[in-house]
Amino acid sequence: MTQYQSFPGVKGASESLAKLKALRLPSFQGKRFLDVGCNEGYFCGYARFDGAAEVIGIDRSKLAVSRAQARMPDCRFLVQSWEQLPDGKFDVILLASALHYADDQEALIHRLMDSLSDDGTLVLEMGIAPSGKSEWISVKRSIDERLFPSRGKLAEILQDYAWKIIGYSVQQAGDPLTRYVVHVRRQKPCVFLLLEPPGSGKTTLCRTLFARAKVPVVSGDLTYRQLSDGRITASEALKSLICADFSPQYDKVAEKVFSQGLAGDLVEVWCRQGGESEFVIDSYVPERYQQDVKDAFDARGYIPVVLNWEMQKSMSGPGDADKKASRYMETLVDSRVGEAVGMGFRVTRVNSPALGEFFSGWHLDQPVNGQIVTEHDQFTLSGWGLPRDMDAKAVRCYVRSAGVKQVFKLEKRRDDVVKLRLKDQVEVPETLSYCGFAFSGLKKSDLVSGIEFGFIANGQEIPAAQLGITEPVSGKATLSRKLLSKVGATLRRRR
Ligand SMILES: C[S@@+](CC[C@H](N)C(=O)[O-])C[C@H]1O[C@@H](n2cnc3c(N)ncnc32)[C@H](O)[C@@H]1O
């Protein structure tokens with residue numbers, strides 16, 4: 001046997017170090033490695049050096065194997081043809097400068113792929129014949145004549161795998177063909193993950209690019225909806241979390257699901273919807289949980305491809321929007337808005353027992369307490385009153401300002417009030433629909449001395465509210481208190 005591999009002080013026909021560099025082998029840490037046609041074990045030694053957990057080299061040459069075992073006592077060498085491969089799966093398999101010796105090269109490649117672990121890599125180092133066709137070409141070499149595949153033939157053989165020509169290998173003296181290094185892996189379906197926040201254009205990308213490419217899309221929002229109304233199944237934990245207080249604010253639903261550590265449960269549902277091959281996930285996943293989603297897809301045999309892009313978002317993030325709104329309210333409370341814009345209305349309801357006696361309800365819609373009194377001199381007083389036993393038309397309203405009393409009717413149709421307040425009443429007299437009032441004969445200047453507003457029922461005046469004006473300075477305080485009591489307090493409680 002002529003010396004093939006090169007070691008320090010021993011120069012073989014092959015420049016083994018240059019070949020090792022060209023092979024671009026993956027990391028061997030903790031892996032199981034098989035070298036097919038290992039010769040004197042140069043690459044087996046390297047795998048061990050790089051931390052492989054187990055290294056096996058096979059070669060049909062007894063002499064080569066005995067030399068290999070002498071050089072690399074840490075590795076296992078077998079005098080064995082590649083017709084029969086050692087048991088078990090390997091993370092990395094190497095077939096270097098040997099494929100052309102196989103009687104059935106195509107069958108050998110498939111056999112090697114069958115011995116590869118799910119995430120394993122087959123490294124082929126081989127000559128490729130120049131031809132535009134998919135064919136085997138017989139090539140005369142100095143020592144013999146062998147069949148080599150064209151690039152098209154290689155593509156045909158590898159069509160069911162993921163593969164890549166990594167680059168050139170080292171040429172040997174007298175080589176009639178160019179040698180290449182090819183990495184082959186099991187083909188796994190990709191899942192394209194569009195996880196950006198709402199409003200960043202995920203759905204548009206699905207409707208355009210992915211729809212055209214006929215890649216099925218799984219919508220996260222739709223999945224949440226279907227889970228909420230029981231149209232699809234999921235783990236108990238995921239189902240009950242989504243069904244509890246479901247609202248179609250999907251970014252908040254997402255936060256809830258992922259913060260409870262249910263990424264795996266959701267990915268399982270998505271995989272069922274996406275099918276066996278590649279698909280797209282169109283669903284917001286907060287950045288800090290994206291790795292969980294990728295890991296869950298990886299564990300299910302997918303290659304997760306996360307797509308990120310820069311785009312002006314059409315809306316702010318869910319938490320951000322809430323926090324910013326609360327902060328804005330606080331600045332309104334603290335600011336001098338009231339002072340800047342002027343005076344405000346002061347509306348005080350009068351607690352008169354006769355009101356309850358004659359009316360099932362009443363309301364002053366306009367003006368409201370704290371409302372800014374603007375430049376316009378005139379303002380309107382409007383609202384409604386629902387008399388208990390009387391015809392609404394028999395009831396009047398009055399305003400009194402500086403001793404002058406003005407009377408007006410309840411004559412505005414207020415179906416909204418009747419619908420809301422009298423919804424349990426079977427028959428509502430038509431006249432009660434006219435329970436609204438609107439009176440525009442009041443001036444801003446009337447507010448200074450104060451205005452009394454009330455109803456007249458059965459000839460009796462029933463005061464209902466006092467209207468006045470706040471001072472500019474207290475206007476700020478009134479406005480602030482009003483805002484706080486309506487919204488700010490709620491927001492503060494939530495924080
Ligand atoms: C050109 S050498 C390549 C050695 C090594 N792979 C390298 O690149 O340095 C080819 C090797 O394949 C081995 N070989 C040829 N036919 C084989 C077979 N059917 N089964 C196992 N090994 C074989 C030879 O004995 C020889 O060691």
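Bear in mind the structure is a predicted one, so any value in this text is a computation, not a measurement. Order of listing sets the numbers, starting from 1, for every ligand and every atom in it.
Shown in contact with Ala96 at under 4.0 Å from a heavy atom are these atoms of ligand 1, numbered in order with element: 3 (C), 5 (C), 6 (N), 8 (O). Atoms of ligand 1 lying under 4.0 Å from any heavy atom of Gly37, numbered from 1 in the order shown and given with element: 4 (C), 5 (C), 6 (N), 11 (C), 12 (O), 13 (C), 22 (N). The atoms of ligand 1 that sit less than 4.0 Å from any heavy atom of Phe43 are 7 (C), 8 (O), 9 (O).
Between His110 and Tyr161, the ring planes lie tilted relative to each other; the angle falls in the 30° to 60° range.
The shortest contact between atom 24 (C) of ligand 1 and any protein heavy atom is with Asp59 OD1, 3.4 Å. Ser97 O, 3.2 Å is the protein heavy atom nearest to atom 1 (C) of ligand 1. Scanning the protein heavy atoms around atom 21 (C) of ligand 1, the nearest turns out to be Arg60 N, 3.4 Å.
Only the side chain of Gln5 comes within 4.0 Å of ligand 1, counting heavy atoms alone; its backbone N, CA, C and O stay farther away. With a 4.0 Å cut-off on non-hydrogen atoms, Ala64 does not touch ligand 1 at all. Contact annotation for Tyr42 and ligand 1: no heavy atom of the residue comes within less than 4.0 Å of the ligand.
Residue contact check for ligand 1: Gln80 places a non-hydrogen atom closer than 4.0 Å to it. The closest approach between Lys19 and ligand 1 falls below 4.0 Å for a heavy atom of the residue.
In this structure, SG on Cys271 lies 7.5 Å from CD1 on Ile281, to the nearest 0.5 angstrom. Considering OG of Ser16 and CD of Glu40, their distance stands at 9.0 Å, rounded to 0.5 Å. Between Phe7 atom CZ and Tyr42 atom OH the span is 7.5 Å, to the nearest 0.5 Å.
Residues Lys140 and Arg146 have side chains not in contact (no heavy-atom distance under 4.5 Å, counting atoms from C-beta outward).
Taking a cutoff of 4.0 Å between a charged side-chain nitrogen and a carboxylate oxygen, Glu135 and Lys153 do not qualify as a salt bridge. A salt bridge does not link Glu255 with Lys252: every distance from a Lys NZ or Arg NE/NH1/NH2 to an Asp or Glu carboxylate oxygen is 4.0 Å or more. Salt-bridge formation is detected for the pair Glu54/Arg76: a Lys NZ or Arg NE/NH1/NH2 atom is positioned less than 4.0 Å from an Asp or Glu carboxylate oxygen.
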